[in-house]
Amino acid sequence: MDLSSRFPSILIFFLSISVVFAEIRKSEIRSDDRPIIPLDVFGFTHSGRLELDASKISLSNNNPDLDLSKVGFFLCTRDAWVHVIQQLEEEEITCALQSDLVKHVFTFNKLGKNTEKFSTVFTENDADQYSLVFANCLQQVKVSMDVRSAMYNLEGKKGGRDYLSAGRTVLPKVYFLFSVIYFSLAATWIYVLYRKRLTVFAIHFFMLGVVILKALNLLCEAEDKSYIKKTGNAHGWDVLFYIFNFLKGITLFTLIVLIGTGWSFLKPYLQDKEKKVLMIVIPLQVVANFAQVVIDETGPYGQDWFTWKQIFLLVDVVCCCAVLFPIVWSIKNLREAAKTDGKAAVNLVKLTLFRHYYIVVICYIYFTRVVVYALETITSYKYMWTSVVASELATLAFYLFTGYKFRPEVHNPYFVVDDEEEEAAAEALKLEDEFEL
């Protein structure tokens, strides 16, 4: 196998695992000849520990002359890995394990008489974010084994274990705080619906469901991360998290589509093209959530892990683009209606509302997909929680804007207009440029 021909893909693959949550992880490697297999990533403090166990170790070639020092596990920072790649390209070294920039955890030449398993504990006192990597620099030798890795930091005087990466250890509190906020929002929305029950439409009850699912999703994620922090395992909370995350994702995108079409509060039906958007978005959300489960549960050691991550990103982008079309269609329909039905003021109010919503949806998508990813990339591992807070604040702002702008109104401003407002609105519509996506 030519390692040098795979430098670009290995580098991209290595860098793409920067947002993986560390926990007690079990990996099954079967007949794998990849020269580099990323296993996990973790932010260590000055009291970091790595427990590494491997069993059922077997090589496809049992030649006693094999240099087993070229097969093993090491820890490496992202910056150091870039230099290791450079050393390999310049042929200063022939194997990543030969670099003085990596920290050896265990190499197979130390297996001794029992060649099928080993267990070791590695102490890491240099605070930084490290990736646990398996290297196999032997040509045409396939490796099979079961790997169990547990990375954690010791905290406090009693030396309690914290299985969450440094910079993410506060996430259980963050998620719980936001869940309380969303439960409060749900209670407030129920009060609003009761007070204005005569003008409540079906879309308003759907909005309530979206808020409740978001709150439950955050609560389960808080418990999931809390158990991982303490024990290294989610103890079933990850299943509930995936269920509510799936429901939250589908209902949120469906809500954006329904609001964009004006369903319920402007018209009681959906057009065929609007139904087709839903028929595209909902199955894609199913695929996206399945990809997310595969990404989280298999870990970066899987040969298809990077492919699933690309599928997730692609599907998410398609969904984000698809939900914009109904809003644009509504805007164009309102412009055309304004020219024919003589209700310029009514249509101008509606048009302005949908324009604002279109802009806010774009900003929300851009911020949560692009800006948050940039924060994850440039922020120090010690402050990785800030990207989560930024994402949740943007989502909260989007929910608040949507609820406020499309709240039930007793006095509908669409129908309370006078002649002067009608004339002014007609002139405003004439002066406006054509709205385009």
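As the structure is a prediction and not an experimental result, all values here were calculated from the model.
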Exercise. Mind checking salt bridge (charged side-chain N to carboxylate O under 4.0 Å, His left out) for Asp316 and listing every partner two or more places apart, or none if nothing turns up?
Key: Arg369
Quiz item: Does a salt bridge link Lys225 with Asp238, judged by any charged N lying under 4.0 Å from a carboxylate O?
Solution: no
Quiz prompt | Pair Asp162 + Lys229: basic N to acidic O under 4.0 Å | solution = yes
Self-check item: Exercise: identify the closest heavy-atom pair between Asn289 and Phe246
Solution: OD1-CA, 3.1 Å
Quiz prompt | Student check: side-chain heavy atoms of Pro172 and Leu164 closer than 4.5 Å | solution = yes
Quiz item: Relative to the ring of Phe354, is the ring of Phe406 parallel (under 30°), tilted (30 to 60°) or perpendicular (over 60°)?
Solution: perpendicular
Quiz item: For Leu97 and Phe74, which heavy atoms make the closest approach, and how far apart are they?
Solution: CD2-CD2, 3.6 Å
Quiz item: Which heavy atom of Tyr163 sits nearest a heavy atom of Ala150, and at what distance?
Solution: CE2-CB, 4.3 Å
Using residues 274-283 as the side-chain source, report each donor-acceptor pair under 3.5 Å to any protein atom, sequence neighbours left out, with the distance given to one decimal.
{"residue": "Glu274", "atom": "OE1", "partner": "Lys267", "partner atom": "NZ", "Å": "3.2"}
{"residue": "Glu274", "atom": "OE1", "partner": "Gln271", "partner atom": "N", "Å": "2.8"}
{"residue": "Glu274", "atom": "OE2", "partner": "Lys267", "partner atom": "NZ", "Å": "2.9"}

Exercise. Give a yes/no verdict on a cation-pi contact between Arg407 and Tyr404, requiring under 6.0 Å between NZ or CZ and the six-membered ring centre and an angle within 45° of the axis.
Key: yes
Quiz item: With a cut-off of 6.0 Å (strictly less than), are more than 12 heavy atoms of other residues, nucleotides or ligands near CH2 of Trp385?
Solution: no
Exercise. Just jot down the side chain to side chain contact (heavy atoms under 4.5 Å, CB included) partners of Glu124, sequence neighbours excluded, or say none.
Key: Phe44, Leu75, Lys103, Phe122, Asp126, Tyr130
Quiz item: Can you name the nearest heavy-atom pair linking Phe312 to Gln292, along with the distance?
Solution: CZ-OE1, 3.2 Å
Self-check item: Test applied, salt bridge (charged side-chain N to carboxylate O under 4.0 Å, His left out); reference residue, Asp40; option that passes from Arg25, Lys26, Arg148
Solution: Arg25
Exercise. Would you indicate whether Lys56, at its atom NZ, is surrounded by more than 12 heavy atoms from other residues, nucleotides or ligands within a distance under 6.0 Å?
Key: no
Quiz item: Ring centres of Phe398 and Phe367 under 6.0 Å apart?
Solution: no
Exercise. Only counting residues at least two apart or in another chain, list the ones meeting salt bridge (charged side-chain N to carboxylate O under 4.0 Å, His left out) with Asp296.
Key: none
Quiz item: Can you list the residues that meet the salt bridge (charged side-chain N to carboxylate O under 4.0 Å, His left out) rule with Asp79, with sequence neighbours excluded?
Solution: none
Self-check item: Distance in Å, Ile190 CD1 paired with Leu185 CG, rounded so as to fall on 0.5 Å steps
Solution: 11.0 Å
Exercise. Please state whether the rings of Phe118 and Phe106 are parallel, tilted or perpendicular, taking 30° and 60° as the class boundaries.
Key: parallel
Exercise. Can you establish whether the number of heavy atoms outside His46 located under 6.0 Å from its atom NE2 is more than 12?
Key: no
Exercise. List in chain and number order the residues that pass ring pair (Phe, Tyr, Trp, His ring centres under 6.0 Å) with Tyr381, two or more places apart in sequence or in another chain; answer none if no residue qualifies.
Key: none
Quiz item: Does any donor atom in the side chain of Thr45 or Asn153 lie under 3.5 Å from an acceptor atom in the other side chain?
Solution: yes
Practice problem: Verify side-chain contact (heavy atoms from CB on, under 4.5 Å) between Ile250 and Val286, making sure each step is shown before the conclusion. | Solution: CA-CA 8 Å; Ile250 287 181; Val286 174; 4.2 Å; yes
Quiz item: If you take all heavy atoms of Gly43 and Ser165, which pair is closest and at what distance?
Solution: N-OG, 2.6 Å
Practice problem: Rounded to the nearest 0.5 Å, what's the gap from NE2 on His235 to OH on Tyr227? Could you check? | Solution: 7.0 Å
Practice problem: Check the surroundings of atom CZ in Phe401: do more than 12 heavy atoms from other residues, nucleotides or ligands lie under 6.0 Å from it? | Solution: yes
Quiz item: Can we say Lys248 and Glu221 salt-bridge, meaning some charged N sits less than 4.0 Å from an Asp/Glu carboxylate O?
Solution: no
Quiz item: Would you say the side-chain atoms of Glu51 and Tyr152 include a donor-acceptor pair closer than 3.5 Å?
Solution: yes
Practice problem: Grab the two heavy atoms, one from Leu324 and one from Cys320, that are nearest each other, plus how far apart they are. | Solution: CG-O, 3.5 Å
